[in-house]
There are 4 protein chains.
Amino acid sequence: MPAASPQPRRPRSGSRRDETARLAVLHAADDLLAEHGFGALTVEAIARRAGVAKQTIYRWWPSKVEILLDTLIEDSDKHLPVPTEKPTAESIRGYLRGFERFLTSNPAGKVLLALIAEAQHDPDTAKSFHKRYLGPRREQEREMFARGTDAGEVSPRIGPDATIDALIGPIVYCALTGSSIPSGLVDTLVEDLLRPRSN
Amino acid sequence: MPAASPQPRRPRSGSRRDETARLAVLHAADDLLAEHGFGALTVEAIARRAGVAKQTIYRWWPSKVEILLDTLIEDSDKHLPVPTEKPTAESIRGYLRGFERFLTSNPAGKVLLALIAEAQHDPDTAKSFHKRYLGPRREQEREMFARGTDAGEVSPRIGPDATIDALIGPIVYCALTGSSIPSGLVDTLVEDLLRPRSN
Amino acid sequence: MPAASPQPRRPRSGSRRDETARLAVLHAADDLLAEHGFGALTVEAIARRAGVAKQTIYRWWPSKVEILLDTLIEDSDKHLPVPTEKPTAESIRGYLRGFERFLTSNPAGKVLLALIAEAQHDPDTAKSFHKRYLGPRREQEREMFARGTDAGEVSPRIGPDATIDALIGPIVYCALTGSSIPSGLVDTLVEDLLRPRSN
Amino acid sequence: MPAASPQPRRPRSGSRRDETARLAVLHAADDLLAEHGFGALTVEAIARRAGVAKQTIYRWWPSKVEILLDTLIEDSDKHLPVPTEKPTAESIRGYLRGFERFLTSNPAGKVLLALIAEAQHDPDTAKSFHKRYLGPRREQEREMFARGTDAGEVSPRIGPDATIDALIGPIVYCALTGSSIPSGLVDTLVEDLLRPRSN
DNA sequence: GGTTAAGCGAGACGGTACGTCAAGTCTTCCC
DNA sequence: GGGAAGACTTGACGTACCGTCTCGCTTAACC
């Protein structure tokens, strides 16, 4: 899952990439972020913690941000899949609840917040973050809404992107400001935005 | 306005603080953030740009974050006052529109985004950011809503904090992800959340 | 004595250079060379041994070679002055004996050998070594011979540079190859080259 | 001509050593030294230039110094043989002239200088350099002088080693310092040291 | 009106981490 | 089994900022 080589190259000879080292780096980065915050997340610390040489990290990842992106994508796909089959208002609400839990309770949620943050500081991070995470995920979410709309399950009052921003935005914002997501917020938004007003 | 001295000290003798230097630092920080991003915002660069000794910065600000907070608070009060007089649904919508413009068009908006970001990386920043900016502003916003509710102008369907998060969240989220705020989003949210459903 | 500033700059303000640090670096370099050889002479090791930050070394010396040059020049001037007053064949022989002892017994002699060696590997070293050490010293030696010749004390059979090379060369060569200087070598050369053949 | 195997070994089975690779490495090392100096002479560069795997180099040579020694010994035997037959003062002078030319004009001369230099930096190099080059050559030179003395061709005023050092030393010293060998130096030394004074 | 304490520009200092490079070892595959 | 390819650990490189410190000058209140 190196950032630089979507399809891992197949050298005719020579050693293959050490999968143990790859996982050690990913977990070390994850753990350090969770334990000591992004400030302590230096490449040298990751290398130390992973029991890996610094050079091994630089060989495979252009920056620590790409390491975090790798872990985020793996964890995100695993713990927070976008519901694709028969999406109902209910399953969408479930997805948002899952997102809420992912951000507040899962260590991997911290990774997402850290990447949103780092994207503000560094244009390269922003670019890569969009290309590898935000873009693909938004695409899946758009599809989810499209299917739900086609099936008549939901009738969004505004465009799909606007709807997603309106639903996701408050959750992310609360997580970023460290405040708990007010109960009822998600339910109310789902109800208001996905169902046509009856009047 | 220094973060470190709530009650400005009164030396018995000696020079008073150099206002020119203070403003030079504030503007240098602002300019550097706008021009080269948070990554280039080092204390040494600020000092260089401001034509000021590094020590002068450390004498008055405990960190570069506090410099940004100072500029943010000044700009925020100046360009984005919370409407306190007779708040109507219309004036609230105007406030949100102003917020949208502040984040996307005003250089000072970058400062807010940078601080939200940095708060993810550093707990001290988070603390100070809440205490000096988010907290007071949220308090004013709560009052605004309370007055509007008392006057019967608005009838929020959910609690004041939840309402604010639901309105502010998407705007901030779009700004953070660099996407433009979908037209209609603010209007729809204001309509849905501040007016009771007629059914 | 910093290599970079022949006439030490006099900043109008700011701290002056820390003489303690300067000496610590010089001695650390000297000691490391003597103890572990040029191979162990890294900037990081010098900094460690001197109890000094690496940047402090880079601030004042462009490379570790210049550090060695500084120590060599100081030690050389101190322990191996070129005899300037009334040079006789005897005093010249004494100078060569002193040179022999300097190269074989004095730790500073190792510095000279190391610089001769490093000059073979790196053109910049060669340049600096000639400009700061070999050139000036050769100039002094030429003057010494000229005075001796004028006073009729010595009558070199070949030109001054050739004479010096013929006298110094074997001593340096023996030191470089680690062999002891054969007894009688210096005496014979002085006798042969500085006195006219009587036939 | 690897350091470890004077006579190419005859393995009972398996491939023999690739002579092409051996020569490619030797020439690559030689060329790189001549073109870019000792500083650019890394094992990786040699491997790259020779079109050979790094491991192939490490399999046959313990260090890059041994590579250089191999080339030096070959070139030295080829271009600068010690005159063994009927050595006269004249043939010895010719040998010294040849040595002078070897050092200043022949690319292989750079190898000798580089090895003398590297021997100052690293004890292992010094040891190997003496054992494989300096020692054997000195032995041949001693024999040359002994034959000449026995035949009455030359009458050294000082011991053989001292004489050789006195003759070789200045030439090497001038080459090391990059200065041209003064004309007349060699002639005068040969005349003075190899012929008895007539008085 | 001289004293004196603070502010200030300048910059040296001990540090930490950066991202790069080469060294030397080890592993895998191909011939 | 030799050799090409190349991943791995190690450690030094030279740079950028960090936050602290000391220096000598300027400035303004106080006596």
Side-chain angles (χ1 to χ4, degrees), chain A residues 9-18 20-22 40-47 51-60 62-64, chain B residues 9-22 40-48 50-60 62-64, chain C residues 9-18 20-22 40-48 50-60 62-64, chain D residues 11-18 20-21 39-47 50-60 62-64:
Chain A
R9 36 188 165 148
R10 295 257 161 236
R12 309 181 180 192
S13 68
S15 298
R16 300 297 185 271
R17 179 173 186 179
D18 184 344
T20 311
R22 195 193 127 252
L41 195 69
T42 69
V43 174
E44 307 219 291
I46 296 173
V52 140
K54 201 167 48 152
Q55 189 56 41
T56 298
I57 295 183
Y58 281 111
R59 184 170 10 252
W60 297 107
S63 72
K64 66 185 173 190
Chain B
R9 35 187 164 152
R10 294 261 160 231
R12 308 180 183 187
S13 70
S15 301
R16 298 301 184 270
R17 179 173 189 181
D18 184 345
E19 181 67 6
T20 311
R22 196 192 127 252
L41 196 70
T42 68
V43 174
E44 304 218 294
I46 297 172
R48 236 174 353 244
V52 140
K54 205 164 48 150
Q55 188 55 40
T56 299
I57 295 182
Y58 282 110
R59 182 164 19 243
W60 298 107
S63 73
K64 66 185 173 191
Chain C
R9 37 184 164 153
R10 299 251 161 237
R12 305 176 186 198
S13 67
S15 299
R16 299 304 183 269
R17 179 172 186 180
D18 185 343
T20 310
R22 196 193 126 250
L41 195 69
T42 68
V43 173
E44 306 218 292
I46 296 172
R48 226 165 13 235
V52 140
K54 205 167 39 154
Q55 188 57 40
T56 297
I57 296 183
Y58 281 110
R59 179 158 29 236
W60 297 106
S63 71
K64 66 185 171 190
Chain D
R12 307 174 189 189
S13 69
S15 308
R16 302 295 186 279
R17 178 173 186 181
D18 185 343
T20 311
L41 195 69
T42 68
V43 174
E44 305 215 295
I46 296 173
V52 139
K54 207 165 42 151
Q55 188 54 38
T56 299
I57 295 182
Y58 281 111
R59 184 164 13 244
W60 298 105
S63 71
K64 66 185 171 191

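Reckoned from all heavy atoms, side chains included, excluding hydrogens, waters and symmetry mates. Naming convention: chains lettered A, B, ... in sequence-line order (proteins, then strands); numbering from 1 in each chain.
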Exercise. Nearest 0.5 Å, what's the CD1-CZ distance between Ile46(C) and Arg48(C)?
Worked result: 10.5 Å
Exercise. Do Arg16(B) and dG7(E) have a side chain to base donor-acceptor pair shorter than 3.5 Å?
Worked result: no
Problem set entry | Separation between NZ of Lys64(B) and OG1 of Thr42(B), rounded to the nearest 0.5 Å | 7.0 Å
Exercise. In whole angstroms, how far is the C1' atom of dG14(F) from the CD1 atom of Ile46(C)?
Worked result: 14 Å
Exercise. What is the distance from CZ of Arg17(A) to C1' of dA5(F), rounded to the nearest Å?
Worked result: 17 Å
Problem set entry | Side-chain donor/acceptor of Thr56(B) to base of dG7(E), under 3.5 Å | no
Exercise. Taking atom types as they are modelled, is there a donor-acceptor pair under 3.5 Å from the base of dC8(E) to the side chain of Gln55(B)?
Worked result: no
For this session: Report the distance from atom CZ of Arg48(B) to atom C1' of dG9(E), rounded to the nearest whole Å.
Result: 15 Å
For this session: Would you mind telling me which residue lines up with the more 5' stretch of DNA chain E, Ala50(B) or Ser63(A), judged by nearest nucleotide?
Result: Ala50(B)
Problem set entry | Spacing between Arg59(D) atom CZ and dT27(E) atom C1', to the nearest angstrom | 12 Å
For this session: Start with the C-alpha gap between Trp60(C) and Arg22(C), add the side-chain angles, then the distance that decides, and say whether side-chain contact (heavy atoms from CB on, under 4.5 Å) holds.
Result: CA-CA 9 Å; Trp60(C) 297 106; Arg22(C) 196 193 126 250; over 6 Å; no
Exercise. Rounding to a whole Å, what distance do you find between Ile57(C):CD1 and dG14(F):P?
Worked result: 11 Å
Problem set entry | Polar side-chain contact Glu44(A)-dC18(E) base: donor and acceptor under 3.5 Å | no
Problem set entry | Whole angstrom value for the distance that separates C1' of dC13(F) from OH of Tyr58(A) | 14 Å
Problem set entry | Any donor-acceptor N/O pair under 3.5 Å between dT27(E) base and Ser15(A) side chain | yes
Exercise. Of the nucleotides dC13(E), dA23(E), dG9(E), which one has an atom closest to the side chain of Ala53(B)?
Worked result: dG9(E)
For this session: May I ask you to verify whether the side chain of Lys54(C) and the base of dG15(E) hold a donor-acceptor pair under 3.5 Å?
Result: no
Exercise. Between Lys64(D) (NZ) and dG24(E) (C1'), how many Å, whole number?
Worked result: 12 Å
Seminar exercise, completed: Between CH2 of Trp60(B) and C1' of dG7(E) the distance, given in whole Å, is 8 Å
